Chemist: 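Here it is, the structure in full.
Proteins get letters first, then strands, A, B, ... in listed order; numbering begins at 1 in each. Please read all numbers here as calculations on a predicted model, not as lab measurements.
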Amino acid sequence: MKSNNRFVLYIRNIFVMTKSSKIRFILTFIGILFSVFGFAFALIISDSYFESRRDIYSSFASNSLLISSNQPSEDKINLFLENKNYSSVFIDVISKNYYFIDSFDSINGQSVSITTTLHGVETTEVVSQYDGMHYMPFLSSIKNGRGINWGDIQSKEKTVMIDEYTAELLYGSIKDAIGQSIVIDGGRGLVSEQTSSSPQKHSFIISGVCENSKLTEHNRVENRKKIKKGSDNVIINIDLYCPISTIFDLYPDLDYYRNYIVTFGSQNEANDFYNKTIDTNGNQYGISYIVSKDSLMADITLQMKETKRIIVLGILLLSFIFGISIISVVFFATKERIPEIGIRKAFGAEKLDIVFQIFCEMLLISGLASIIGVFAALYFSKLLEYYLINELCIYFVLNITAGDIVTPIFVGVLQSAIFGMIPGIYGASIPITDALKFE
Amino acid sequence: MSGISKTYDGNKFVLNDLSFSLCLGEIAIIMGPSGSGKSTFLNILGLLDKASSGKYLFNGNDLCEKRNKKLYSFIRGEKIGFVFQSYYLIETLTVRDNIMMPFLYSDTKITDEIEDHISEYAQLFGVTELLDKKASLLSGGERQRVAIIRAMIKKPCLVIADEPTGNLDEKNGETVINAFRKIAGAGTAVVIVTHNSGINCPEGKRFQLCEGKLHEIK
């Protein structure tokens, strides 16, 4: 093969010399591979986790606030809203207890219990669901039937609205659900005979079905998994939305602790109310906690920054430790190559040429290891996504950014370039005559 | 070079006030017993090592005065070709890449003419079949011949050869000396260090290195 091009000759030299030092190649490759894999994996998973949360939060109704109160009655909310100048306020009071609805045998014979969280609502534009940390308000539209209206509230109607998934779960389709009765603490169908010791049973008529929220898909997967696993006590929780006046009428002592979703006429009003509940020290008073879309977004952004800072610090520390190992390995390999360095210098190579050659060799090893490390991280992230969604039923959307790929590669390459060049500089500094005689 | 002295410990002088001059196209054959400082002399001549004192003029450049590492590297790469006693081939590279190595660190373009020279020299020294073999697979004699081609391939001003026929049979030894005579005829200065007093090179100046000084043998 003719090599009438210096660049080709140089590249061939780099390739051959990279391969020739097997110990350096293997150990450096493994070191960089693991550090890049760890970094990329940590970045991808943390980014995905936070982006998943942001994804949910981003679909919040921006003019709604979640308020948790330790006061036993709705008076607290009214107290919050005293002297208000808000155009319109809708309240969703959410029970913290689950109420039993029904139990039935699923396909494989296990008993599935259905419980409900009761929502006393003033509007059905916003529905709220629990994401494992908070109740979350979502904007919603009616898919069939009608929502809760002021007439229902004024007449304390025993009517409920459910979402598409609940309708399909209980009645097969959203069409069939309309007009059906649902009995809280009693089951589906008619209210059965009550005894003094049995809990209060109340029958509600389903008047409307609203669209699923972002969390519903996740709940659907989670519930299907519970049934599929065949465990003995499968409990599926659903959300029922009924007029707020009906809730207060039927359940005056509903729960001591309650959550409230307060929906304002505009985001400004929501922000105004939110700010009034925070004192000058940033503490929330009069209520257990209050969150808004903005505060949740700010929280998650802060958490994301903190997590990234920890990851970066961890990686810097690991890079330093790996770097010391790389120095040892490359130092060992460079010592073996000192006569070769002498030969190259005898034929015109300068110190910088030698350092550059070792840099290129390290670049080749680390570049290859980094790319494989990133691909491995992508693959394992995919596996983890599958596991989290299908096995642990956790809402998780894999979110891979260019930074998740480029940053670990850059760090891996930089790591080997910096730490690999130190022995290279040592080797290149040895006088030619000493290098040629080096044993 | 004139007044060249070299000491490693500050007391004992390996080279002591040595003077030597060679014009382009001349051949110098240096002989001397072991430990007489032949290698030290070659190292200084080839800019692999520095003299402790003295003046070294190479193509008009006073190298001892300037002590410019960049210039030293440039001259080593462009103007000098080495044939080391231990050949010093890079084992993992092919014979061709070993021969081409001087071009890696120079601005000289690798032309088709150079490729033709490689083939020509390879044929002359009987290593055509070995060009794509790894240097580690060669015998001592083959390595020596490859090292000679590497030294001559850039047509340098000066070729320095340390025992270039040491591992060669009579026929190959003669081929090597003839090749040196040929490049000297083309204007290259050649310095050969050898123990072999029977080298057939009538036009070569012969020197004896003794007590750190060079004495021309008439």
Chemist: To the nearest 0.5 Å, how far apart are NZ in B:K182 and OH in B:Y121?
Modeler: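 Nearest 0.5 Å value for the NZ-OH distance: 7.0 Å.
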Chemist: Dump the intermediate steps for ring pair (Phe, Tyr, Trp, His ring centres under 6.0 Å) on A:F37 and A:F380, then the final yes or no.
Modeler: CA-CA 9 Å; A:F37 169 77; A:F380 278 97; 5.5 Å; yes
Chemist: When only heavy atoms count and the cut-off is under 4.5 Å, which of residues 30-48 of chain B reach chain A?
Modeler: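 When heavy atoms of chain A are the reference, residues 30-48 of chain B contributes B:N43, B:L48 within the under-4.5 Å range.
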Chemist: When rounded to the nearest 0.5 angstrom, what is the spacing between CG in B:N98 and CD in B:E91?
Modeler: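 Rounded to the nearest 0.5 Å, the CG-CD separation comes out at 8.5 Å.
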Chemist: Does OH in A:Y10 sit with more than 12 non-hydrogen atoms of other residues, nucleotides or ligands closer than 6.0 Å?
Modeler: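 Counting neighbours around OH of A:Y10, more than 12 heavy atoms of other residues, nucleotides or ligands fall under 6.0 Å, so yes.
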Chemist: Please look at B:L131 and chain A and tell me whether the side chain, the backbone, both or neither of the residue comes under 4.5 angstrom of a heavy atom of that chain.
Modeler: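 Neither part.
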Chemist: Among the options B:I80, B:I75, B:T108, pick out the one with the most heavy-atom pairs lying under 4.5 Å from chain A.
Modeler: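 Most heavy-atom pairs under 4.5 Å with chain A: B:T108.
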Chemist: I'd like to know whether A:K345 forms a salt bridge (Lys or Arg N to Asp or Glu O under 4.0 Å) with A:E340, so could you lay out the CA-CA distance, the side-chain angles of the two residues, the decisive distance to 0.1 Å, and finally the verdict.
Modeler: CA-CA 9 Å; A:K345 284 173 88 174; A:E340 176 217 320; over 6 Å; no
Chemist: Among residues 349-367 of chain A, which ones touch chain B with a heavy-atom distance under 4.5 Å?
Modeler: A:A349, A:E350, A:D353, A:Q357
Chemist: Let me know if A:R344 has heavy atoms under 4.5 Å from chain B in its side chain, its backbone, both or neither.
Modeler: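 Contact with chain B: backbone and side chain both.
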Chemist: Taking distance alone, no hydrogens or angles, what donor-acceptor pairs closer than 3.5 Å link side-chain atoms of residues 147-154 of chain B to residues at least two apart or in another chain?
Modeler:
| unit_1 | atom_1 | unit_2 | atom_2 | d |
| --- | --- | --- | --- | --- |
| B:R150 | NH1 | B:Y88 | O | 2.9 |
| B:R150 | NH2 | B:Y87 | O | 2.8 |
| B:R150 | NH2 | B:Y88 | O | 3.0 |
| B:K154 | NZ | B:G77 | O | 3.0 |
| B:K154 | NZ | B:E78 | OE2 | 3.4 |
| B:K154 | NZ | B:P102 | O | 3.4 |
| B:K154 | NZ | B:S106 | OG | 2.8 |

Chemist: With no hydrogens and no angle check, just 3.5 Å: does a side-chain donor-acceptor pair link A:S48 and A:E385?
Modeler: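 No, A:E385 and A:S48 have no side-chain donor paired with an acceptor closer than 3.5 Å.
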Chemist: Between B:K213 and B:D17, does at least one N-O distance fall below 4.0 Å, as a salt bridge requires?
Modeler: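 The answer is no: the pair does not qualify as a salt bridge.
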Chemist: If only side-chain N and O atoms count, and only distance matters, is there a donor-acceptor pair under 3.5 Å linking A:R12 with B:T94?
Modeler: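 B:T94 vs A:R12: no donor-acceptor pair found between side chains.
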Chemist: Sequence neighbours left out, what passes salt bridge (charged side-chain N to carboxylate O under 4.0 Å, His left out) with B:E26? Give chain and number order.
Modeler: B:K205
Chemist: Hey, what do you get for OG (B:S2) to CD1 (B:I4), rounding to the nearest 0.5 Å?
Modeler: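 B:S2 atom OG to B:I4 atom CD1 measures 7.0 Å (nearest 0.5 Å).
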